[in-house]
Each structure stands twice: as structure tokens, then as C-alpha cells.
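Worksheet for the structure shown next.
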Amino acid sequence: MPTHPILEYLWVIPLLPLLGSAINGLFGAKWPNKYVNIAAIGSTGLSFLFALEAVREFFDSGQVLFHKEFFTWIAAGNFRAGFDLQMDQLTVVMVLVVTGVGWLIHIYATGYMAHEGGYYRFFSYLNLFMFFMLILVLAANYVLLFVGWEGVGLSSYLLIGFYFLKKSASDAGKKAFIVNRIGDFGFMLGMFLLFRTFHTLDFTTLFQAASNPAWVSEGWGQFGTFTIACLLLFMGACGKSAQLPLYVWLPDAMEGPTPVSALIHAATMVTAGVYVVARSHMLFAHSETALVVVAIVGCATAFFAATIGLVQTDIKKVLAYSTVSQLGYMFLACGVGAFSAGIFHLMTHAFFKALLFLAAGSVIHAMGGEQDMNRMGGLSKKIRWTYGTMLIATLAITGIPPLAGFFSKDAILLGAYQIPGGHPLYALGLLTALLTSFYMFRLIFLTFHGKQRYDDRKVHVHESPWSMLGPLVVLAVLSVVGGWLAAPAFLGRPDYFANFLTPVFGGRESAEVLGEAAAHTLELTLAFVAVGAALAGWGVAYWLYLVRPEKADGLAKSMAPAYRILLNKYYVDELYDAVIVKPLVWISTNVLWKVVDVEAIDGTVNGIAGGTTAIGDGVRHTQSGNTRSYAVWVVVGAILILAVIFFWPGAEKTAVGMVR
């Protein structure tokens, strides 16, 4: 009997959701919903329990990297890609987030999707999503990781376009799939370059080889292999994690059911890009150029998306742009070398963003499908549990202490402030925090406070069932206590979470640079400044939407050009459509189809076929069945043969040789 049975059979954790997906996909069409629920929730719940046991065994073994080669998957020459899984401190965080939060979302979905068609299909796709994400975070090499990487792209396409009879939903699914293929092309090129350079794609072997100082001394650092490979990997991360310029698919992904939005934004898909950059930190550490690009793109995306969120009226669209912005914070952390802070924010964000989306789904459920916040108002007294949990999530994301987002966002801003030349990044990150507070409290005030803006005769507002409220309460608790792992840092003691990830990322303590007392003072000072920014955002939203609501409309009219630009999301989709989509469609239609396909390829094939048919038709007429006609052809043939023999020297010998 193995000492650590789950670690030895780590493949069981992703296998369980795959089995749930297969069972529902094959048999669910004929089952009542309760049997579909048993397969879907049971498989993901068991996966979560097995993950907890695997984590316990990992701690029991002394938190030493566990790596196991289960079997060789691809072998060609000196290339090997195995079904190899591993668990280290980073894997622990990711696997618990994916299985734990994912399981809660599955439970919520049983209530939210209870009356929807294609119920079994929905849960089959949802289980499949978790399977691929678990493969991604447990993989011990880039090739197997890429299987999960592409798998979550496929699952997102299926789930975003779940309402496939609705054109906007099917278009959104295709948009997500195509935009991610652009990023994935860069990711594949990065993998090819790494294999060409290091002759392996196994994490342990590759990172050990990359840590050899000879690579940097030979010029592979700033503008060589490391930089190019890292930027290509980051291109893939920009697609998956919706960063500039490949962010455009994520807001449209709101066309899928709300539980899908929660799963994509909190526990799967968009966190994959951040995870890959963090997992590849040994490569990024050798290229300051790549790190600067990651930090700038992340910070710019955080601010850019936050400005769009200021004026959106669809409750899910506000949260979508919020996700793009918060992912930018995570990349900012990775870019300034604060990888632990980036993963910490990934974890806390999973709690409060899942809660925000599921609470938004509860609001939509209560409003009979309405998503426009301008048609809500005054809901706080009618759906108290939904309001209370969503308020907690809002306080968490805006960075109000002692909730989870306060600790993780503060760690990122501290990391940006401390690096040389990082003050502009810190300032833009702080401004983004203020904007985040404004648009999130704007959402709360428009939805739950103020005067009622819907007709009671048409909308029967009601609280959601406990199958939906239960996960909200659990996530609310996690949104409150999830950041306390870092709380000791504010008391002058070591940061538990950062110390836990030190074996993966190494130490990066501010005390090393400033001294322990000065570092603690700086952290407290920046924390007070960040809280002040959050309170300022709350104050402006409170004044505009509760105290003087007419001022909001007046401000929008007085700044109409800027308001229209933000409302139309900077016209980026229109720009892409004009510059990329329409030219590609025109070229595909008028050149690739009508010229290359129809005239060149089809014309050549059809021409050969037509010529052959014409020759055959001509020869066919010689077969008349007339004996005299055949005698004439025999005579003509004989004359031709004699002529050739007579006029072609050596032909006689050739003919005699052929006869013999």
C-alpha cells in the first residue's frame, strides 16, 4: 500500500470530473435532473475531497516537490512528452481553488439552470471544463499543460455558446475561440523555441537548465532566447487571461449562463494565463525586458478596463470588465517580480469574483432575467441574502480591510512601488483601485438602493433558493477570511502565504532592501493610502447615485464625447472589425474562395475532368460496331506502323526485340 496513495495516483483528481462529464454526456439526456446533479456534483465534490487529501499528503511528506511519470505519451527522436503530473506549493493553491470554487459553482448551477433546456449537456460541459483546468495546473511539462490549455478553450467555446440558437451567444463563443487561437499560436511558438534551445519541455529539467548562468552570459538574456520565448508565452497568456490587445472576447462571454461566467472568471480559463507566467518565473527572471512588458501590459489593462466599467449598465458586463482589470493587477505583480502577490490575488479574486457573479445571477433570477441596472433599484430589502453577500464581495474587491482583497491588492501595489522606476506603475495601479471602488459601489447603489425602477406588476422579485444562496454564503466567508494568511505581515511578522510559496518563487522581502522597520512602515503607509483611494471611490459613487442622482445624468451629458467613448468601449471592437475582420472576410471571399478555390483549384480539377471526358467522348465514336469501319482502322494502323519502321532508324530492331 503506497504511503501517500492520492499523490501516487494524482491522475484521479482530474479523472473524476471527466467521468462525470462522460456519464452525463452519454446518459443524461434520458435522466431526470436529480441524477444529472448526482453525477456532476458528486464527481466534482469527490475531486475536491481527493485534492484535499493530496494536499494533506503533500504537507505530510515535508512539502517537497512531488513529480511522477505515469507513462510516455509522445516519443520521437530525442523528444519525450509524458503524462507526468506534479504537486508543489503553487499547484496546491491552484488545485484547491479550481476544485473548491468549481464545486460551489456546480452546486449553485443546479438551482440557476433548473428550468433550462439542455440541462445534462450543460453539466457535461461544466465537468469537462474542470477536467481540462485540473490537467493544466497538475501538468509537469508544457506539452501536457497545453492539452489543458486548449481544452479550457474548447470548453469555454461550448459553454459561452450554450444558448446556440441565440445568434449573439453563438457569435460570442466563436469570438472567444478565435481570439484565443491567436494567443495560442504565440504559445506554441514559445514552446517550440524552448525545446529547440533546451531539448526538453519538462518543467524541472527545463528550469534547471535555464538557471545555468552560462545562458545569460552567452547573450540569451535580455534580447535573446529567454526574452523571445517569454514574450511568446505571454502572448498566449494575454489571450487566455484577456489582456490588451486580446481582451475583447471576455466581455462577450457574458452571453453564456451566469454559472459559466463565474467559473471562467474565478476558477478556470482566465487564471490559466497568470498561472503559466508564474509557473515560468524561472524563464522570466532572466529577461528584464519580458518582465517590464508583462508589468506595463498588466497595469495598462487594469486601468483601461476599469475606465470602461465606469459607465456600463449591464450588471454582468461591469463584472466582466472588472475581471479584465483585476487580471491586469495579477500580471502587474508578476511583472514586478512579486509572483507570490500575484498568486495571492488570484486566490482571493477567485473567492470574491465567483461571489460577485453568482450574486449577480441571483439578482437576475430575482428580476426575471433583467440585467440592466437602470431597471433595478431598491432590491436590498427584498433579496437580503443576495444583497448582503454581494456587498461583502464588493468590499473585498475594493480593498476594504480586513477583507481578502485588501491584503492581496496591497501586496501588489507594494511590489510595484518598491522596484526601481516602479512609481508610475504604482500610481496607475492606485488610480485603478479608486476607479474600481467607484464602479463597484455604483453597481451596488444602482441595483440595491435608491428608488425602485421596475414595475411590480411585471416583475415578481423573490429571493433565490438555498441551492443558490448556500454557495454565496460560503464564498462570502472566504472573501472575508481569505486574506488573513497575509495578515501577520501588517503586525510585523512573516507573511504566511508568501513564505509558503517561497520554495517555488524564492524570497523577495522588502526588508532586505529597506530594513525590517522601514519596510513595515512603508507597507502600512501604502495600505492607508490604498484604503483612502477606496473610500474616495465609495464617496463619489455615494454622492452621485444616492445623494444627488441627477448629477450623474448631468455629468454624462456635460462630458458626452468621453461618456460615449467609454460606453462604446473605446470602439475597439469596431476598429478590429474594420481593420482585421472585414478585410479578412473580403480576402477569404473574393481571393481565397472565388479565385484560389473556385477558379484555380476547382478550375484545374474540373478542367482535367472535362478534357478527359471530351477525349473519351471522341474515342467512343470509333466504337461504331461497323465491321468495315474496323477494317479501315486496322489498315490505317498497319500503314502507320510500317511508316514508323521505314522512317525511324533502329525502329525495326526495337520492334523485333519487343516481339521476341
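Note: hydrogens, waters and symmetry copies are ignored here, and every other heavy atom, side chains too, is used.
- Not one N or O on the side chain of E57 forms a donor-acceptor pair closer than 3.5 Å with the backbone of V55.
- Here the side chain of S241 pairs a donor or acceptor atom with the backbone of G273 at under 3.5 angstrom.
- The backbone N or O of A176 sits less than 3.5 Å from a side-chain atom of N180, completing a donor-acceptor pair.
- Ion pair K68/E8 flagged as a salt bridge, since at least one NZ, NE, NH1 or NH2 atom sits closer than 4.0 Å to an Asp/Glu carboxylate oxygen.
- Counting all heavy atoms, side chain and backbone alike, F203 lies closest to L145 at CZ-CD1, 3.7 Å.
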#### Entry: Stepwise side chain to side chain contact (heavy atoms under 4.5 Å, CB included) test for W484 and V480
CA-CA 8 Å; W484 294 0; V480 173; 4.2 Å; yes
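- Ring geometry for F505 against F339 counts as parallel: the plane angle stays under 30°, on a 0 to 90° scale with 60° as the upper cut.
- Residues forming a side chain to side chain contact (heavy atoms under 4.5 Å, CB included) with D252 (at least two apart in sequence, or on another chain): A172, K175.
- Rounding to the nearest 0.5 angstrom, the gap separating the CD1 atom in I160 from the CD atom in E255 is 10.0 Å.
- No donor-acceptor distance shorter than 3.5 angstrom exists from the side chain of S21 to the backbone of P17, with no hydrogens or angles considered.
- Checked by atom type and distance alone, the side chain of T447 never pairs as donor or acceptor with a backbone atom of I444 at under 3.5 Å.
- Here F146 contributes atom CZ and I135 contributes atom CD1; the two are 15.0 Å apart, rounded to the nearest 0.5 Å.
- Of the possible polar contacts, none joining the N37 side chain to the T110 backbone as a donor-acceptor pair under 3.5 Å is found.
- Side chain of S155 to backbone of G151: a donor-acceptor contact under 3.5 angstrom is found.
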### Message
Using the rule given for side chain to side chain contact (heavy atoms under 4.5 Å, CB included), can you reason through F58 versus Q63, listing the C-alpha separation, both sets of side-chain angles and the distance that settles it, and then say yes or no?
### Response
CA-CA 5 Å; F58 175 74; Q63 298 187 37; 3.9 Å; yes
### T389/R384 under side-chain hydrogen bond (donor to acceptor under 3.5 Å, both in side chains): CA gap, chis, key distance, verdict
CA-CA 9 Å; T389 53; R384 295 179 183 274; over 6 Å; no
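- Under the 3.5 Å distance criterion, the side-chain polar atoms of H281 are matched with a main-chain donor or acceptor of V504.
- Looking only at atom types and distance, the side chain of T44 has no donor-acceptor partner in the side chain of N127 under 3.5 Å away.
- A cation-pi arrangement is found for R181 relative to F177, the charged atom lying closer than 6.0 Å to the ring centre and inside a 45° cone about the ring normal.
- For Y329, there are no ring pair (Phe, Tyr, Trp, His ring centres under 6.0 Å) partners two or more places apart in sequence or in a different chain.
- What you find for T386 and A359 is that their closest heavy atoms are CG2-O, 3.5 Å.
- With a 6.0 Å radius and a threshold of 12 heavy atoms from other residues, nucleotides or ligands, F79 has its CZ atom above the threshold.
- Checking side-chain atoms of D88 against main-chain N and O of T91 turns up a donor-acceptor pair under 3.5 Å.
- Evaluated for a side chain to side chain donor-acceptor pair (under 3.5 Å) with Q326, the options K353, H345, H349 yield exactly one hit, H345.
- At least one donor-acceptor pair closer than 3.5 Å links the side chain of K316 to the backbone N or O of M254.
- Atom CG in L159 sits 6.0 Å away from atom CZ in F122 (nearest 0.5 Å).
- The two residues W249 and K240 make their nearest non-hydrogen contact at CZ2-O, 3.4 Å.
- The aromatic rings of F234 and F331 sit perpendicular, their planes meeting at an angle over 60°, well past the 30° parallel limit.
- Applying the side chain to side chain contact (heavy atoms under 4.5 Å, CB included) rule to L19 yields the partners L15; only residues at least two apart in sequence or on another chain are considered.
- Contact check on E69 versus R80 returns a salt bridge, with a Lys/Arg side-chain nitrogen under 4.0 Å from an Asp/Glu carboxylate oxygen.
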